[in-house]
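Here is how names work: the chains are called A, B, and so on, in the same order as the sequence lines, proteins then strands, and each is numbered from 1. Atom set for the values below is all heavy atoms of this structure, side chains included, hydrogens, waters and symmetry mates excluded. Source: prediction; values computed, not measured.
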Protein chains: 2
Amino acid sequence: MHAEQDPPIKSTATSLDIVETVHGLGGATLPEVVEQFEKPRSTVHDHLKTLTDTGYLVKDGRTFRVSVRFLNLGGRARAESQFFQVAEGEIRQLASDTGEHANLMIEENGRGIFLYKVKGSRSVNLDTYEGMEVDLHTTAMGKTILSEVSERRRDEILDEHGLEPVTAKTITDRDELETELDDIRERGYAIDNEERVEGVRCVAAPITTDNTVVGAVSVSAPKSRMNGERFEETIPSEVLSTANIIEVNLQHV
Amino acid sequence: MHAEQDPPIKSTATSLDIVETVHGLGGATLPEVVEQFEKPRSTVHDHLKTLTDTGYLVKDGRTFRVSVRFLNLGGRARAESQFFQVAEGEIRQLASDTGEHANLMIEENGRGIFLYKVKGSRSVNLDTYEGMEVDLHTTAMGKTILSEVSERRRDEILDEHGLEPVTAKTITDRDELETELDDIRERGYAIDNEERVEGVRCVAAPITTDNTVVGAVSVSAPKSRMNGERFEETIPSEVLSTANIIEVNLQHV
DNA sequence: CCGCTGCATCCGACGTTGTCGGACGATTAA
DNA sequence: TTAATCGTCCGACAACGTCGGATGCAGCGG
């Protein structure tokens, strides 16, 4: 089964691991990184020095931080993706029409990536940032993606990543998720009722071409503004409309 | 002089070099990468395989591309930077007020990084992307940064990166640049008259705290909309106002 | 003022592992 | 089909990443 042979160049892999560790800790000192690794100080030190020498980490006093240098790589990767180019304007329009956060997600390696996020005029600060990765079952966008992939693929993803809760309302039961996904397929859109962040609700719709899901759109807002008809009618129809426009535009690329 | 000792872990450095090569070529096949390196196929292959195994490159048929995975690292680095947090809203406001592209730049290692870019309602597509690096002398924002750093630092930067032209109007003469910088200091803002992209003009202002420049703001637009009073009065005053607001907000962090 | 502690950096020896030429199979083009 | 190009794998050698320990530095408490 799981071949899982490690990559040919291990030092590169550990360097990248260290970057992710620093990233995960939101900045870390050498001993803090050492603690997460089973490697000796001197080894970790060599990696950190290499990464700062090459400009991918920056040393802020005693703590290392991930450099915005990575934004150059990731930003261009995004800018070159046709999906982003097509969707960008529509997401901005959606944010402008609703006055709330509008988001774009893609799936990669079984997890969701916030590819684009636009704040609306009334929107509050959320903890999301462009490039952020989340488990698919924790967001409305992720659930629409799960609802559109094959059962086989869905099992793969759920087996690998599980159903870790992030709030009290996160779906953690597989059967419950399946009925939820049935509902989503029927309705055509998904909702997230404080399943990832307390007090925040989302409405999301999948974006598909040739019966394959390529991403999802959503609107996020504090639940005080996401209720009643707006939550059940207005926002869903705007989200669905945006998803549909993007789908149509994707045909003509 | 230039100690220039290479980083302790060379394989990591070459892996990152390969990522940048793929990035620079906007996607490349194995032989294309080999051509840029003096390393044998098999070595490059090992690096590419490691990078795809770890998910930082994606293989699209035969060509390797930089993964949006990097956006996760760079996006969070940006999101955590106080400068970005303070400036973000103001840049968006500036784009909304002018209807044109509004940009935010910081300097790192002597080059300019587009930290944030917001399209305005009327704005055209530009070749810039968030995270993009440019030589400082090629942009209005970069010139304001050059105008605010010490002469010593300016010499360092210019010695290292030179004055490479990117359009016919790029400033390539050091004396000419110095007089331009004098003008900028006097006026308080800089203009870019098709010095980086044909047909595009920019107006930029520096952002300083404690007499140290920390970045710059600008508005970019096609020259057909950037002329007369708008180019000489309206836009500059809006850009200066935005820079000033950001400066004030930076005091209270 | 002086030892003490924790840290970053450096060093040198060992042995892992990255390197590289070459070979094999797959793929493409003619 | 042939020929050329490409992707992948393999194995031997030597380079270099690893790791324990030593050095030097900064901050703290006695």
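- Listed pair A:His47 / D:dT18 meets the phosphate criterion, a side-chain N or O lying under 4.0 Å from OP1 or OP2.
- For the atom pair A:His45 NE2 and A:Lys49 NZ, the distance stands at 7.0 Å (nearest 0.5 Å).
- The separation between B:Asp53 atom CG and D:dT8 atom P is 10 Å, rounded to whole Å.
- Rounding to whole angstrom units, CZ of residue B:Arg41 and P of D:dG7 are separated by 11 Å.
- We find that B:Asp127 and B:Arg196 are joined by a salt bridge, their nearest charged nitrogen and carboxylate oxygen being less than 4.0 Å apart.
- Atom CZ of A:Phe64 is separated from atom C1' of C:dT9 by 11 Å (rounded to the nearest Å).
- Between A:Thr12 and B:Ser15, the closest heavy-atom pair is OG1-OG, 2.7 Å.
- OP1 or OP2 of C:dA8 has not a single side-chain nitrogen or oxygen of A:His45 nearer than 4.0 Å.
- Phosphate proximity of D:dG20 to A:Ser42: absent, as no side-chain N or O sits under 4.0 Å from OP1 or OP2.
- Atom CG of A:Asp17 and atom P of D:dG17 are 17 Å apart (whole Å).
- Atom NE2 of residue A:His137 and atom CD of residue A:Glu164 lie 7.0 Å apart, to the nearest 0.5 angstrom.
- Listed nucleotides: D:dC19, C:dA8, C:dC20. Nearest to the side chain of A:Pro31: C:dA8.
- For B:Lys10, whose side chain is taken as the heavy atoms from C-beta onward, the closest listed nucleotide among D:dG17, C:dC10, D:dG20 is D:dG17.
- Where the helix from C:dC1-D:dG30 to C:dA30-D:dT1 starts and where it ends, the local axes point in directions that differ by 40°; five pairs per end, rounded to 10°.
- Toward the 5' end of DNA chain D, the nearer of the two residues B:Thr29 and A:Ser11, judged by each one's closest nucleotide, is B:Thr29.
- Among the nucleotides D:dG7, C:dT19, C:dA8, the one closest to the side chain of B:Asp46 is C:dT19.
- In this entry the distance linking CG of A:Leu57 with P of C:dA8 reads 14 Å, nearest Å.
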Less than 3.5 Å apart, which donor and acceptor atoms pair up between the side chains of residues 244-253 of chain B and the rest of the protein, not counting sequence neighbours?
| from | atom 1 | to | atom 2 | distance (Å) |
| --- | --- | --- | --- | --- |
| B:Glu247 | OE2 | B:Thr208 | N | 2.9 |
| B:Glu247 | OE2 | B:Thr208 | OG1 | 3.3 |
| B:Gln251 | NE2 | B:Glu247 | O | 3.3 |

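- For A:Lys59, a side-chain nitrogen or oxygen approaches OP1 or OP2 of C:dT9 to under 4.0 Å.
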For a quick test of your reading: what N or O donor-acceptor pairs under 3.5 Å do the side chains of residues 144-152 of chain B make, sequence neighbours left out?
| from | atom 1 | to | atom 2 | distance (Å) |
| --- | --- | --- | --- | --- |
| B:Thr144 | OG1 | B:Met141 | O | 2.7 |
| B:Ser147 | OG | B:Thr144 | O | 2.7 |
| B:Ser150 | OG | B:Arg153 | N | 3.1 |

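- C:dT17 atom P lies 8 Å from atom NZ of A:Lys39, rounded to whole Å.
- We find that CZ of B:Phe37 is positioned 17 Å from P of C:dG18, with the value rounded to whole Å.
- Under the 4.5 Å side-chain criterion, counting only non-hydrogen atoms from C-beta, A:Arg69 is in contact with B:Glu20.
- A:Ile9 has its CD1 atom 13 Å from the P atom of D:dC16, to the nearest Å.
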